[in-house]
Q: 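Here it is, the structure in full.
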Amino acid sequence: MTDNRFLKEKLTESQNKAVWHRDGSLLVIAGPGSGKTRVITNRIAALVEQGVSPANICAITFTNKAAEEMRNRVVAMDVPGGVHLSTFHSLCVRILRKFSQAADTPDNFSIYDDSNQKSCIKEAIKQAELDIKNFPPARMLEAISRLKNNLQNADEFIAANVGDYFSQCVGKVYRNYQKILKQNNALDFDDLLMATALLLKNNPGVRSQLNQRFKYLMVDEYQDTNHAQYQIARGLALEHGNICVTGDPDQSIYGWRGADIGNILAFEQDWPNAVIVKLEENFRSGPEILAAADRLISANKSRKQKRLIPALPAGAEIISQCLEDERAEASYVAGFVRRLLDSGEEASQMAVFYRVNSMSRAIEEAFIENHIPYQIVRGVEFYGRKEIRDMLAYLKLIVNPADEQAMVRIINTPGRGIGKTTIDKLVAYSASKAIGLFDVIRNCERLESIPAGTKAKLKKFAEMIVGFQKDIEMPVADLMDKVFRNTGLYNELKAEAATEDGGKSPPLENVAELINSAERFDMQEQGGLVDFLQRIALFSDTDTYESKSGKVSLMTLHCAKGLEFDNVAIIGLEHGILPHERSIDSAREIEEERRLFFVGITRARKRLCVTLSRYRTVHGMTNRTVDSQFLFEAGLRYQDTGQRQSSFVESDVKEPSGVYYETEISDENQQPFSAGQLVSHKKFGLGRVKEFHNLGENSIVVVQFKTGQVKPLMLKYANLSIIE
DNA sequence: TCAGGAATGCTTTTT
DNA sequence: GCATTCCTGA
């Protein structure tokens with residue numbers, strides 16, 4: 001069976017089993033570096049070889065980038081086109097567009113990003129007559145997101161929580177928020193999933209059609225699916241059961257987004273005949289790196305034991321180093337990279353990972369200083385720019401005049417003498433009469449409170465937009481160019497450029513790039529402006545990553561998922577950073593942070609460099625840091641500041657697999673601290689012990705001080721005195 | 001209407 | 001430390 005003309009590589013026995021399992025459900029539990037993606041692409045090829053039409057195959061990936069890479073691989077195997085490869089979100093947009101009547105979603109909806117969501121939620125809170133201080137927008141959005149992921153609507157939630165004041169408030173805000181989205185003819189990210197999941201659940205006809213369209217379904221990174229995504233996958237395969245999912249519970253890092261490892265367990269229940277294949281061999285990383293990863297992940301208690309079997313020979317290197325502060329840390333990392341570049345390593349085969357985006361700053365500066373080419377893997381860079389957002393707002397308004405967010409953004413950009421006061425009046429009128437904002441503007445002569453001069457300006461604006469709407473069938477790039485010139489945006493940017501020296505203007509270049517991308521879209525894709533806009537809304541950070549850029553990649557640990565590099569540096573191994581401050585109160589979240597570090601470590605093929613700094617400045621305050629417990633758990637002992645920088649080979653670690661750290665504990669006979677004790681600190685004053693982590697001489701005390709601050713302190717430096 | 005300065009607050013990770 | 005919002009005065 002292995003003489004498939006598409007398959008050129010030799011596969012292991014388990015991989016073969018996963019590739020050639022044709023009918024029925026299949027669960028692939030695959031560790032890092034086990035060739036998971038290759039299994040999926042080969043499986044696609046194998047299905048086609050067996051006579052399945054490519055159009056009947058659907059593979060769902062975690063990012064658009066992953067889908068693109070998968071497509072390239074499939075093309076390289078000479079598989080004919082037509083396989084549907086995309087993320088859950090893109091797939092949902094397609095389904096909702098196709099079945100817009102059944103789903104009760106209009107065709108031209110806008111997709112709202114976080115900044116849109118934020119202003120909608122603020123409005124929703126205001127309408128519920130609640131205070132932003134007691135009901136912070138971010139929290140409300142989080143709560144609503146969770147409800148949507150669990151497919152619960154506002155009314156159901158309110159009914160289910162009678163008598164609970166806070167929940168009633170959340171429910172009200174949720175209801176208002178949905179009303180606002182509906183008025184704007186907009187869906188947020190969670191709506192896309194929820195609407196699709198409900199469509200599949202409640203409409204057997206649609207479900208049946210989709211089951212016939214996609215006869216074979218594959219889902220990658222299954223451990224990171226949330227409940228809504230789980231329901232979608234299940235619904236899409238319900239009638240034929242040809243569903244293949246791959247995942248690794250140890251790499252689940254999206255719990256905060258509602259991802260549920262339980263979906264893997266549920267898989268076996270939903271598909272009782274599921275064949276389970278485990279891929280434990282690791283073809284990516286050297287055994288030294290895998291040993292560290294294995295020691296680390298073994299510290300997770302709620303975990304099924306799984307082996308990491310190295311397929312590569314020994315010879316990988318782990319360096320760990322503690323530096324004075326983040327600048328020293330960054331320049332150390334730059335030095336590490338520089339040396340490797342000089343010794344002939346490829347820049348595109350190197351990456352630096354960090355826990356939070358803000359940590360890229362210091363690294364960037366050090367890289368610039370050392371003339372190291374780098375790319376930051378974050379798409380917000382481009383799509384977050386003002387001029388791009390303005391352009392897109394015009395386009396959104398053209399396809400969806402109900403989009404108030406877009407309208408408010410550009411009605412006075414460039415300046416047309418329509419100010420905040422006028423906008424507020426219009427919005428208030430629109431809300432009170434339940435007339436769309438655009439219609440209010442078109443018929444503004446009725447509004448007495450607006451001066452005649454302003455009315456004329458409003459009319460002119462409305463006419464301009466209506467004029468553009470007539471051209472909606474134009475190629476996207478042409479329409480964009482027309483909008484750019486006729487709105488005055490071009491002149492404005494040109495004028496700004498003239499005041500800058502050199503006449504070179506990044507904003508102008510950015511818009512040119514946007515128009516370029518539209519041109520590419522026009523040539524390669526079917527569909528018009530609506531499709532273009534909806535696709536752009538789903539573009540994300542990792543999508544800007546170029547694997548052959550000749551640059552070192554800088555990214556968060558979350559972005560690193562699914563990628564691999566020869567040489568990897570991970571910075572900020574400090575308590576409060578990794579694990580992150582917001583996770584340290586919950587054992588469950590600490591385990592997720594541990595998995596995050598695990599993902600980071602297992603990206604490295606040949607070399608891993610782990611750093612921390614003794615002092616770090618966070619929100620303008622410089623504090624002494626505390627070592628991350630993960631360092632000890634992984635058995636990574638570092639060279640300290642002041643000493644010569646030197647590397648050590650992993651085999652130098654004396655005790656393997658965690659024993660190292662337990663013996664340290666047994667040296668320390670009694671715990672000097674326990675939770676609840678009242679203590680005093682020289683600088684911070686009185687406080688109560690919240691947690692005590694007994695790590696021998698590296699023990700950590702977490703103290704809540706009277707000032708309200710919660711601080712992790714390293715026992716040997718903290719100099720705490722016990723009051724009671 | 002709008003610019004500019006002061007005050008406030010907020011900080012994880014992403015589709 | 002930075003971004004956003006708030007507030008004031010022209």
Side-chain angles (χ1 to χ4, degrees), chain A residues 60-67 86-93 111-115 117-119 122 132-133 136-139 141-142 145 148-149 187-194 196 221 224-226 228-229 232 252-259 326 353-362 377-380 383-384 411-413 415-425 451 453-454 457 534-544 555-562 572 576-584 586 589 592-593 595-597 599-600 616-622:
Chain A
I60 299 173
T61 55
F62 195 75
T63 62
N64 289 303
K65 191 75 201 173
S86 78
T87 61
F88 267 107
H89 286 87
S90 302
L91 178 65
C92 289
V93 169
I111 298 173
Y112 272 7
D113 65 13
D114 350 341
S115 75
Q117 282 179 291
K118 209 172 139 201
S119 47
K122 279 188 189 163
I132 281 188
K133 291 209 177 64
R139 283 285 199 72
L141 279 173
E142 211 176 284
S145 174
K148 286 183 179 177
N149 285 332
L187 302 184
D188 66 16
F189 291 125
D190 298 314
D191 285 332
L192 295 173
L193 301 176
M194 183 169 171
T196 309
E221 310 280 12
D224 283 321
T225 52
N226 61 34
Q229 291 167 323
I232 293 168
S252 162
I253 53 175
Y254 283 88
W256 51 275
R257 211 172 79 183
E326 64 265 25
F353 304 151
Y354 34 80
R355 176 65 237 263
V356 294
N357 283 306
S358 59
M359 290 167 74
S360 69
R361 191 75 169 266
V377 180
R378 235 177 10 149
V380 199
Y383 291 105
I411 190 164
N412 201 34
T413 309
R416 308 189 166 85
I418 304 169
K420 197 174 178 307
T421 325
T422 310
I423 296 171
D424 285 348
K425 280 182 202 158
T454 314
K457 290 173 190 161
Q534 290 181 345
R535 168 198 293 231
I536 281 196
L538 298 177
F539 252 63
S540 76
D541 305 6
T542 27
D543 298 333
T544 58
M555 66 185 88
T556 64
L557 284 157
H558 282 89
C559 281
K561 171 175 147 137
I577 301 242
L578 187 64
H580 193 271
E581 210 176 341
R582 305 257 310 222
S583 334
I584 47 188
S586 132
E589 288 177 49
E592 180 152 317
E593 297 285 309
R595 290 193 292 268
L596 193 55
F597 187 35
V599 166
R616 186 175 296 274
T617 308
V618 190
H619 348 292
M621 288 229 289
T622 306

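In the text below, chain A, chain B and the rest are named by the order of the sequence lines, each starting its count at 1.
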Q: Using atom CZ of A:Arg139 as one end and atom C1' of B:dG9 as the other, report the distance to the nearest whole Å.
A: 15 Å

Q: Assuming nearest nucleotide by heavy-atom distance, tell me which of A:Arg257 and A:Ala138 is located more 5' along DNA chain B.
A: A:Ala138

Q: It should be established whether A:Thr63 places a side-chain nitrogen or oxygen under 4.0 Å from OP1 or OP2 of nucleotide B:dT15.
A: no

Q: CD of A:Glu589 versus P of B:dT12: gap in Å, rounded?
A: 12 Å

Q: More 5' along DNA chain B: A:Val356 or A:Gln117, using each one's nearest nucleotide?
A: A:Val356

Q: For this output row, return yes or no: ring centroids of A:Phe62 and A:Tyr254 closer than 6.0 angstrom.
A: yes

Q: Can you name the residues that form a side chain to side chain contact (heavy atoms under 4.5 Å, CB included) with A:Glu142, not counting sequence neighbours?
A: A:Arg146

Q: Expressed in angstrom and rounded to an integer, what is the separation of A:Lys561 atom NZ from B:dT13 atom C1'?
A: 12 Å

Q: Just the rounded figure in Å: distance from C1' of B:dC2 to CD1 of A:Ile411.
A: 17 Å

Q: Applying the 5.5 Å / 30° rule, does A:His580 stack onto the base of B:dT12?
A: yes

Q: Using whole Å, what does the distance between atom C1' of nucleotide B:dT12 and atom CD of A:Glu581 come to?
A: 10 Å

Q: Please state how far atom CD in A:Glu593 lies from atom C1' in B:dT12, giving the value in whole angstrom units.
A: 8 Å

Q: Determine whether the aromatic ring of A:Trp256 stacks with the base of B:dT13, defined as ring centroids separated by less than 5.5 Å and ring planes inclined by less than 30°.
A: yes

Q: Separation of A:Leu141 atom CG from B:dT11 atom P, in whole Å?
A: 12 Å

Q: Pick the C1' atom in C:dT4 and in B:dT13, then give their distance to the nearest Å.
A: 22 Å

Q: Are any protein N/O atoms closer than 3.5 Å to N/O atoms in nucleotides 1-5 of chain C? If there are, list each pair with its distance.
A:
unit_1 : atom_1 : unit_2   : atom_2 : d
C:dT5  : OP1    : A:Lys122 : NZ     : 3.2

Q: Would you measure the distance from the C1' atom in C:dT5 across to the matching atom in B:dT12 and give it in whole Å?
A: 23 Å

Q: Assign A:Tyr254 to base, sugar-phosphate, or nothing according to its heavy-atom contacts below 4.0 angstrom with the strands shown.
A: sugar-phosphate

Q: Is any side-chain nitrogen or oxygen of A:Asn357 closer than 4.0 Å to OP1 or OP2 of B:dT12?
A: no

Q: To the nearest 0.5 Å, how far apart are SG in A:Cys559 and OH in A:Tyr354?
A: 7.5 Å

Q: So A:His580 and A:Val356, do their side chains get closer than 4.5 Å, heavy atoms only?
A: yes

Q: How many Å lie between CD on A:Glu142 and P on B:dC10, as a whole number?
A: 14 Å

Q: Of all residues at least two apart in sequence or in a different chain, which pass the side chain to side chain donor-acceptor pair (under 3.5 Å) check with A:Arg257?
A: none

Q: Whether A:Arg582 contacts B:dT12 is assessed here as follows: a side-chain N or O lying under 4.0 Å from the phosphate OP1 or OP2. Is that the case?
A: yes

Q: Who are the side chain to side chain donor-acceptor pair (under 3.5 Å) partners of A:Asp188, not counting sequence neighbours?
A: A:Gln117, A:Lys148, A:Tyr177

Q: Report the residues that fulfil ring pair (Phe, Tyr, Trp, His ring centres under 6.0 Å) with A:Tyr112, sequence neighbours left out, ordered by chain and then residue number.
A: none

Q: A:Lys122: what forms a side chain to side chain contact (heavy atoms under 4.5 Å, CB included) with it, not counting sequence neighbours?
A: A:Lys118, A:Ile132, A:Pro137

